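Structure first, commentary second.
As the structure is a prediction and not an experimental result, all values here were calculated from the model. Within every chain, numbering begins at 1; the chains are lettered A, B, ... in the order of the sequence lines, protein sequences first and strands thereafter.
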Amino acid sequence: MKGVQRRLVLLGTAWSRSCSYSAFQHYVAPETSLLLSHCYNRDLPRAMQTLDTMERRGVWADAIAYSELIKCCLAHKAVKEGKHVHNHIFSNGYQPKTFLVNTLVNMYVKFNLLEEAQILFDKMPERNVVSWTTMISAYSYVKLNDRAMELLVFMLRDGILPNMYTFSSVLRACERLSDLTQLHSGILKVGLESDVFVRSALIDAYSKMGELLEALGVFREMVTGDSVVWNSIIAAFAQHTDGDEALCLYKSMRRAGFLADQSTLTSVLRACTSLSLLELGRQAHVHVLKFDQDLILNNALLDMYCKCGSMEDAKFIFNRMAGKDVISWSTMIAGLAQNGYSTEALNLFDSMKVSGPRPNYITILGVLFACSHAGLVNEGWYYFRSMKNLYGIDPGREHYCCMLDLLGRAGKLDEMVTLIHEMTCEPDVVTWRTLLDACRAHRNLDLATYAAKEITKLDQHDTGAYVLLSNIYANSKRWDDVAEVRRTMRERGIRKEPGCSWIEVNNQIHAFIVGDKSHPQIDEINRKLNQYIRWLTDTGYVPDTNFVLQDLGEEQSEYSLRHHSEKLAIVFGIISFPREKTIRIWKNLKICGDCHMFAKLVAKQEQRHIVIRDPIRYHHFQDGVCSCGDYW
DNA sequence: ATAGGGTTAG
């Protein structure tokens with residue numbers, strides 16, 4: 001008797017099981033085809049209705065139908081219905097196959113219900129590659145990277161071999177170079193390196209760790225490739241401010257017959273941004289028009305115009321953009337502020353508060369920068385003190401730095417020191433450098449020495465600190481101290497980076513280094529330069545040798561000043577461009593006081609608009625004044 | 001049934 005009963009139970013199970021096996025399709029409920037057709041039509045209410053009827057009649061559909069039903073729930077974002085399907089599938093002690101459970105796990109992942117997915121996953125009697133990969137990709141998607149890596153280990157321990165899906169998912173979660181090296185060799189071992197998904201994920205992972213050569217290595221071995229692989233390697237260089245290489249790769253991509261898509265163009269624009277290539281950026285803009293609706297791409301375009309100092313274009317783009325997000329607003333606010341339009345930046349922030357997205361950490365930085373630039377000490381304090389209450393953002397090191405800059409401009413050195421002591425995070429090199437800059441501008445020798453020493457404590461090789469300190473001593477004609485600083489620099493093997501300026505003329509970059517004589521038009525440039533200096537001297541200009549590092553004889557320091565790279569670039573710009581064209585120069589070091597004055601006077605005399613971008617700021621010279629307000 | 005690339009500051 002007992003045996004018969006057991007057999008009946010088994011039969012029952014077998015019968016209900018057979019409903020989901022395609023091998024026993026003749027047992028599948030006749031409603032199944034109706035259910036399927038509702039699912040294909042994405043008619044969720046009717047599909048659920050059909051399911052109810054089947055439940056009442058005690059019949060089941062097959063796995064194909066259930067997985068279609070789950071797709072339908074996903075399409076409608078119908079969480080409740082999805083859970084219903086889940087319960088239905090497991091009702092009456094039915095044990096669905098791994099395939100179907102995977103579909104359910106995936107459903108919970110897509111609904112962002114990771115815990116539910118994990119519970120279901122844990123209960124699975126057997127898990128295959130797809131089960132594991134679904135969970136790993138879920139965790140790497142939400143950046144629970146440790147969890148994703150951990151799951152890979154468990155998976156391997158379970159004897160399941162990862163496939164290309166697994167590797168491309170887990171590579172996104174990889175944070176340590178040693179792990180990445182292991183993953184890479186694992187990929188080579190199973191021969192998955194030719195998969196384009198794995199390849200781009202590998203490139204991206206190396207890029208995230210700053211291992212660009214490794215990334216390039218993976219790329220160069222490419223036998224198989226698609227546009228995403230190209231985009232990965234181009235983005236890698238663009239993001240690590242090697243715009244030159246990024247643009248070269250872009251050209252090779254085009255030569256290889258691939259078209260640029262949104263992602264490619266975003267990286268190209270970023271490369272133009274970092275190289276200040278306005279004209280090339282404009283050319284890229286033409287291609288951007290094809291992807292009019294792409295927010296990320298438009299943000300990159302906006303940033304390019306801001307960073308290249310063309311605010312007219314930036315405003316045009318910004319006003320035309322349909323769905324502006326925090327990044328669009330932040331970019332525009334910071335762009336206006338950096339280019340000297342502080343009031344406009346603050347006005348824009350006001351309209352953002354009314355009709356824009358919620359400001360974030362970076363937005364506030366732009367706002368503080370605007371205050372700093374315009375010397376609005378009280379407003380700066382207000383925004384700084386209220387950012388926590390108004391926007392729930394804790395001031396970070398960068399915010400402190402902006403405030404310090406603001407106080408430094410206003411000459412409030414004591415308040416700077418107080419604020420540094422008040423900082424919630426440890427002051428870093430940038431903090432002290434800001435103090436040092438202020439000390440130089442306001443000639444506070446003692447405090448400067450203190451700041452410079454703090455910098456060298458943190459970074460033995462900070463060229464800037466030594467140069468600034470030496471400049472301060474030079475300003476006070478303390479040549480012994482200058483010599484001492486120079487001796488320390490020599491001992492530590494520190495050399496002042498040579499000043500270099502670039503200008504784009506006819507799609508060509510012309511580079512100038514201090515005292516450079518290699519430019520083909522150097523004679524003409526020098527003739528014109530001497531002409532300007534003579535004329536300026538006649539009108540009362542005195543070379544400001546305070547910025548010269550070494551205690552050379554006056555004549556020699558005048559010579560070196562006269563041939564500072566930005567002067568050469570300015571003169572070259574004047575020779576090359578018609579009057580109405582803005583002369584745009586970018587350089588690797590901060591502009592010196594003498595060149596700054598030179599630029600102001602020449603801009604006025606020649607009625608030119610000159611823009612010089614240094615590593616931190618922008619200087620718009622027009623009508624004898626500079627947008628920086630003579631503080632930098 | 002499971003996978004890869006792009007935007008703001010520093």
Side-chain angles (χ1 to χ4, degrees), chain A residues 63-64 66-68 70-71 74 97-107 109-110 127-138 140-141 162-172 192 195-205 207 225-236 238-239 241 246 260-271 273 288 291 294-304 306-307 324-335 337-338 359-369 396-399 401-402 428-431 615-616:
Chain A
I64 307 282
Y66 288 134
S67 80
E68 279 306 316
I70 291 166
K71 268 191 219 161
L74 278 170
K97 280 208 130 184
T98 309
F99 162 81
L100 190 50
V101 187
N102 282 343
T103 313
L104 280 168
V105 173
N106 182 44
M107 176 190 80
V109 169
K110 295 272 161 63
R127 307 175 188 94
N128 61 17
V129 214
V130 179
S131 332
W132 286 100
T133 305
T134 305
M135 291 312 294
I136 289 173
S137 112
S140 71
Y141 185 76
N163 62 15
M164 55 271 247
Y165 291 82
T166 325
F167 278 120
S168 46
S169 296
V170 85
L171 279 168
R172 283 182 61 163
L192 285 174
D195 183 81
V196 285
F197 284 78
V198 173
R199 194 181 288 281
S200 59
L202 263 176
I203 293 172
D204 197 46
S207 156
D226 65 0
S227 59
V228 179
V229 180
W230 278 101
N231 289 343
S232 306
I233 193 69
I234 294 172
Q239 285 163 351
T241 56
D261 65 10
Q262 292 97 314
S263 176
T264 328
L265 286 174
T266 306
S267 296
V268 167
L269 282 171
R270 184 161 171 166
T273 307
V288 171
F291 309 103
D294 195 295
L295 181 59
I296 296 180
L297 186 50
N298 272 298
N299 282 343
L301 185 66
L302 180 64
D303 191 42
M304 186 275 293
C306 286
K307 293 273 166 44
K324 295 189 261 281
D325 66 356
V326 213
I327 296 184
S328 329
W329 287 87
S330 307
T331 304
M332 194 63 198
I333 290 172
Q338 286 170 329
N360 68 10
Y361 188 94
I362 295 165
T363 321
I364 306 296
L365 276 179
V367 172
L368 291 177
F369 194 89
R397 189 173 282 143
E398 290 94 340
H399 296 103
C401 222
C402 264
D428 66 352
V429 181
V430 186
T431 316
I616 309 169

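In this entry the distance linking CG of D303(A) with C1' of dG10(B) reads 14 Å, nearest Å. Rounded to whole Å, atom C1' of dA9(B) lies 11 Å from atom CD1 of I327(A). Rounding to whole angstrom units, CE of residue M304(A) and C1' of dT8(B) are separated by 15 Å. Between the C1' atom of dT2(B) and the CZ atom of F99(A) lies a distance of 12 Å, rounded to the nearest Å. Rounded to an integer number of Å, the gap from CH2 of W329(A) to P of dT8(B) is 19 Å. Distance CE (M135(A)) to P (dA1(B)): 19 Å, rounded to an integer number of Å. Between L269(A) atom CG and dT7(B) atom C1' there is a gap of 10 Å when expressed in whole angstrom units. The distance between atom CD1 of I233(A) and atom P of dG6(B), rounded to the nearest whole Å, is 12 Å.
Expressed to the nearest 0.5 Å, how far CD1 of I296(A) lies from CG of L301(A) amounts to 13.5 Å.
The side chain to side chain donor-acceptor pair (under 3.5 Å) search around E68(A) returns K71(A), not counting sequence neighbours. Evaluation of the side chain to side chain donor-acceptor pair (under 3.5 Å) rule for T134(A) yields no partner, not counting sequence neighbours.
Residue V198(A) is classed as having no contact, given no heavy-atom separation below 4.0 Å to the nucleic acid. Note on V109(A): nothing from the nucleic acid sits closer than 4.0 angstrom, heavy atoms only. Counting non-hydrogen atoms under 4.0 angstrom, K324(A) reaches nothing in the nucleic acid. Within the nucleic acid shown, S67(A) has no heavy atom closer than 4.0 Å to any nucleic acid atom. Backbone-only engagement by A235(A) is indicated by non-hydrogen atom pairs under 4.0 Å involving sugar-phosphate atoms exclusively. Looking at heavy-atom distances under 4.0 Å, I70(A) makes no contact with the nucleic acid at all.
Side-chain atoms of T133(A) lie closest to dT2(B) of the nucleotides dT8(B), dA3(B), dT2(B). Each of dT8(B), dG6(B), dG4(B) was ranked by its minimum atom distance to the side chain of V228(A); first place goes to dG4(B). Distances were taken from every side-chain heavy atom of E398(A) (C-beta onward) to each of dT8(B), dG4(B), dA9(B); the shortest belongs to dA9(B). Of the candidates dT2(B), dG4(B), dA9(B), dA9(B) carries the atom nearest the L365(A) side chain, counting heavy atoms from C-beta on. The listed nucleotides are dG10(B), dT7(B), dT2(B); the one nearest the side chain of Q338(A) is dG10(B). Counting only heavy atoms from C-beta on, N106(A) has its side chain closest to dT2(B) among dT2(B), dT7(B), dA3(B). Side-chain proximity of S267(A) to dG6(B), dG4(B), dT8(B): nearest is dG6(B).
Contact check, R397(A) against dA9(B): no side-chain N or O comes under 4.0 Å of OP1 or OP2. Contact check, S137(A) against dA3(B): a side-chain N or O comes under 4.0 Å of OP1 or OP2. Distances shown here put a side-chain N or O of K307(A) below 4.0 Å from the OP1 or OP2 atom of dA9(B). The side chain of Q262(A) places no N or O atom within less than 4.0 Å of a non-bridging phosphate oxygen (OP1 or OP2) of dT7(B). Between K97(A) and the phosphate of dA1(B), there is no side-chain N or O to OP1/OP2 separation shorter than 4.0 Å. The phosphate of dT7(B) (OP1 or OP2) has a side-chain N or O of R270(A) nearer than 4.0 angstrom. Phosphate contact (OP1/OP2 of dT2(B), side-chain N/O of N102(A), threshold under 4.0 Å): absent.
Between the side chain of T103(A) and the base of dA1(B) there is no donor-acceptor pair of N/O atoms closer than 3.5 Å. In this model, a side-chain donor or acceptor of D294(A) finds a partner on the base of dG6(B) within 3.5 Å. With hydrogens and angles ignored, a donor-acceptor pair closer than 3.5 Å exists between the side chain of S200(A) and the base of dG4(B). The base of dA3(B) lies outside donor-acceptor range of the side chain of N163(A), with no N or O pair under 3.5 Å. Within 3.5 Å, a donor on the side chain of D226(A) pairs with an acceptor on the base of dG4(B), or the reverse.
By the 6.0 Å contact criterion, OH on Y141(A) is open, its count of non-hydrogen atoms from other residues, nucleotides or ligands being 12 or less.
Remark: the S67(A) side chain and the T103(A) side chain contain no N/O donor-acceptor pair separated by less than 3.5 Å. S207(A) and D204(A) share no side-chain donor-acceptor pair at under 3.5 Å.
Counting heavy atoms from C-beta outward, S131(A) and T98(A) have side chains that approach closer than 4.5 Å.
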